[in-house]
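Encoded as structure tokens, the structure appears first; notes follow it.
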2 protein chains.
Amino acid sequence: MLVTLKQIAEELGISITTVSKALKEYPDVSKKTRKLVRETAAMLNYKPNSFAVNLRTKESKTIGLIIPEIVHHFFSSVIKGIISQAEKKGYLVITLQSNESYELEKKQIDLLISKRVDGILISLANGTADYKHISEVLNQETPLVMFDKIAKAIKCSKVTIDDRKAAYKATQYLIDIGCKRIAHFRGPLLPQNSIDRFLGYKQALTDNNIIYDPTLVYLLNKMSFDEGKFYANQLLKDHNDVDGIFINTDLVAIGAISEFNNQGIKVPEQINVIGFSNWFMASVISPSLTTINQPGFEIGKKAFKLLYKEIKDRKKKKIINYKNIVLETDLIVRESTV
Amino acid sequence: MLVTLKQIAEELGISITTVSKALKEYPDVSKKTRKLVRETAAMLNYKPNSFAVNLRTKESKTIGLIIPEIVHHFFSSVIKGIISQAEKKGYLVITLQSNESYELEKKQIDLLISKRVDGILISLANGTADYKHISEVLNQETPLVMFDKIAKAIKCSKVTIDDRKAAYKATQYLIDIGCKRIAHFRGPLLPQNSIDRFLGYKQALTDNNIIYDPTLVYLLNKMSFDEGKFYANQLLKDHNDVDGIFINTDLVAIGAISEFNNQGIKVPEQINVIGFSNWFMASVISPSLTTINQPGFEIGKKAFKLLYKEIKDRKKKKIINYKNIVLETDLIVRESTV
DNA sequence: CTGAAAGCGCTTACAG
DNA sequence: CTGAAAGCGCTTACAG
């Protein structure tokens, strides 16, 4: 069995209180006692029982993370950023995958609250349109920070990129290199980032006096490689004059390029393709993919830092000022555009 | 603040004991009381304080997972498999990244033990040569299951693939399609799977009466895309007669192919390339990569199931029979071999 | 400098 | 069927 304070106390014939204090660097313990206690603790391989500590201190030093999908270059980079930062501050991370399902997400929030995590980090599921579960958390005074897929309506701290601006930049680039008919593969209706990327695309067209043609916009749901292939094929059937395409995410763009390759359509000579996110894969396919770099690791780090600050502030009963961090993105030009 | 049993008890003018029992379906509570309690609990949005529950029951319903690297197709698939299975059984997963460092891994084990997780799942860091920290866990009677990168010397349950057999299969395939000079890019010295893959390669040569030439084996450390490029270049300099190469992992193989492409070396016409793991990326690069499929999601699921059984058995004071699960792998033939 | 005591929020053996 | 009480292993205000 695992060693407790009591056993150390008995071993040395002193009180539990003193042992506890000695181990925690309280100043009112004699040097000698402290040394003795520390040596005994080390010898017995004592490790504080976190259940008891948590119960007393009402802190778990654990945060929850809810993410739509783990096997995903962007999200796994975010996870890595969060975990690396959390570790530095002595926090552990419980990771849950919502699978883009609102129901699951709700259940997982409940689980985490019941676990009494000190805070929650979340990127919303595509299926989430109702935010009651989120505001309940905020009302219960558990700090929560959203990242990537956020809800604009909810008042809390957020870490995002400027999706609209990034999409604008990508579309503008297509225009600058001479594209006249630019299609867009967008994501599902709900998540804010797929809305914003669409709006950025549209805005760039308008600002360049290109008439927005809704038939050039395809709405995707799964955002998968296969969907990319499918809609690339569809696009070729529907429009033979498209010379550029801005795609919501790299995986889909890579699927589209694969379909173009198969059908003998030359990228970029016949169609220019720009993706979004800068998955590692984007740099190794052929032709390599021009894309927007979305700094997942940084987003994760920043999100944890914000959450950490809120946890500390809440403990000190300070008023919490929600922050909105927007990270910079760059256009990475590769072979899929001329 | 969050609601406690006491508040429900006061609200209804009954004892905490009865409230607790009513909520936990004890049979010795009247239907009426149970209904009342449940309604009140729901109304007040009661969620049991897990710190207190854990302290009493000595169970945390949480397991720890230590993995060398999160942003990695194989490992993130494993994580997903573990989390999905854990969720089904009501377990939460704390994920830690060892970064292939022995020191970090040791610290993380300590952290998890101190957290009193019910069990630990681990894939060893490449830097780990000493297993004291692992056997300590086992001695402390915390169930631990190893997967993928295991230590043969340690007695515990394990989930792996037959790396040797898989490597043999890959090498045999190269021989079957006519390769005479087959190189191997191997992983670092320590992890068992890089040893086994090397041995499988060597065995296949021997069984086919091909003389094993150590200069054809390159030892890589980081197992990165760039290292793949670097050693592909080195290989071309060292040997102009190599017609096949079996590479320890897909990412490196993709780097190598990229270098071959750059230098105008035709894959597979001049050099056949086989990777290992079947990252998603392997199917979308050009030429697509022939590789061994390593079922990450399945490995994760199986590893959790084994751990779960050990947790249950240990609780019932049953004797634990360590199991060694070896999952099947297939060779996926694609364009990088003739 | 040391320690007795209360209490965190539960569960459960026991008494009635 | 209900509840008083002990106890899980800590922390910390308080007394001496």
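Only a predicted model underlies this, so the values are computations on that prediction, with no experimental measurement involved. Order of the sequence lines fixes the chain letters, A, B, ..., with proteins taken first and strands second; residue numbering starts at 1 for each chain.
- Sorted by first then second residue, the salt bridge (Lys or Arg N to Asp or Glu O under 4.0 Å) pairs that include residues 103-119 of chain B, not counting sequence neighbours, are A:Lys47-B:Asp110.
- At a non-hydrogen distance threshold of 4.0 Å, A:Ile14, A:Ser15, A:Thr17, A:Thr18, A:Lys21 from residues 12-25 of chain A come into contact with DNA chain C.
- Across residues 39-50 of chain A, not one residue has a non-hydrogen atom less than 4.0 Å from an atom of DNA chain C.
- Salt bridge annotation for B:Glu136-B:Lys132: absent, with no cationic side-chain nitrogen under 4.0 angstrom from a carboxylate oxygen.
- Judged purely by distance below 3.5 Å, without hydrogens or angles, the side chains of B:Ser101 and B:Ser98 never pair a donor atom with an acceptor atom.
- Put simply, NZ on B:Lys115 is 17 Å from P on D:dG9, counting in whole angstrom units.
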After noting the C-alpha distance and the side-chain angles of A:Thr17 and A:Ser20, does the key distance pass the side-chain hydrogen bond (donor to acceptor under 3.5 Å, both in side chains) rule? CA-CA 5 Å; A:Thr17 304; A:Ser20 173; over 6 Å; no
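- A:Leu2 has its CG atom 12 Å from the C1' atom of D:dG9, to the nearest Å.
- If you check every strand for non-hydrogen atoms under 4.0 Å, B:Phe51 touches nothing.
- Atom P of nucleotide C:dC8 and atom CD of B:Gln7 are separated by 11 Å, given to the nearest angstrom.
- The nearest whole Å value for the distance from the CD atom in B:Glu59 to the P atom in C:dC10 is 17 Å.
- When the shell of 6.0 Å around NZ of B:Lys61 is examined, it contains more than 12 heavy atoms from other residues, nucleotides or ligands.
- Within the structure, a side-chain polar atom (N or O) of B:Ser30 is placed less than 4.0 Å from OP1 or OP2 of D:dT2.
- Proximity of B:Lys58 to the phosphate of D:dG9: a side-chain N or O atom is located under 4.0 Å from OP1 or OP2.
- DNA chain C forms stems at C:1-3 with D:14-16, C:5-12 with D:5-12, C:14-16 with D:1-3, each a run of 3 or more consecutive Watson-Crick or G-U wobble pairs whose two key distances fall under 3.5 Å.
- Of the residues near DNA chain D, B:Leu55 and B:Asp28, the one whose nearest nucleotide (by heavy atom distance) lies more toward the 5' end is B:Asp28.
- Enclosure of atom NZ in B:Lys35 is not indicated, since only 12 or fewer non-hydrogen atoms of other residues, nucleotides or ligands lie within 6.0 angstrom.
- Using modelled atom types and a 3.5 Å distance limit, the side chains of A:Gln108 and A:Gln97 yield no donor-acceptor pair.
- Looking only at atom types and distance, the side chain of A:Glu310 has a donor-acceptor partner in the side chain of A:Ser157 under 3.5 Å away.
- One atom, CD of B:Glu10, and another, P of C:dG9, lie 12 Å apart when rounded to the nearest Å.
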A:Thr18 and A:Ser15: side-chain hydrogen bond (donor to acceptor under 3.5 Å, both in side chains), yes or no, with the steps? CA-CA 5 Å; A:Thr18 303; A:Ser15 75; 3.0 Å; yes
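- Applying the salt bridge (Lys or Arg N to Asp or Glu O under 4.0 Å) test to every pair with at least one member in residues 89-98 of chain A, sequence neighbours left out, gives no pairs at all.
- Summary of the strand contacts: A:Thr33 and B:Leu5 both lie near DNA chain C, and taking for each the nucleotide with the nearest heavy atom, the more 5' one is attributed to A:Thr33.
- If you take NZ of B:Lys35 and C1' of D:dC1, they are 18 Å apart, rounded to a whole angstrom.
- Look at CZ on A:Arg34: it is 9 Å from P on C:dC1, rounded to the nearest Å.
- A side-chain contact (heavy atoms from CB on, under 4.5 Å) with B:Phe74 holds for exactly one of B:Ile67, B:Ile79, B:Asp148; it is B:Asp148.
- A residue-by-residue look at B:Arg56 and A:Val53 shows that B:Arg56 has its nearest nucleotide of DNA chain D further toward the 5' end.
- Each ring pair (Phe, Tyr, Trp, His ring centres under 6.0 Å) pair with one or both residues in residues 10-62 of chain A, not counting sequence neighbours, would appear here, but there are none.
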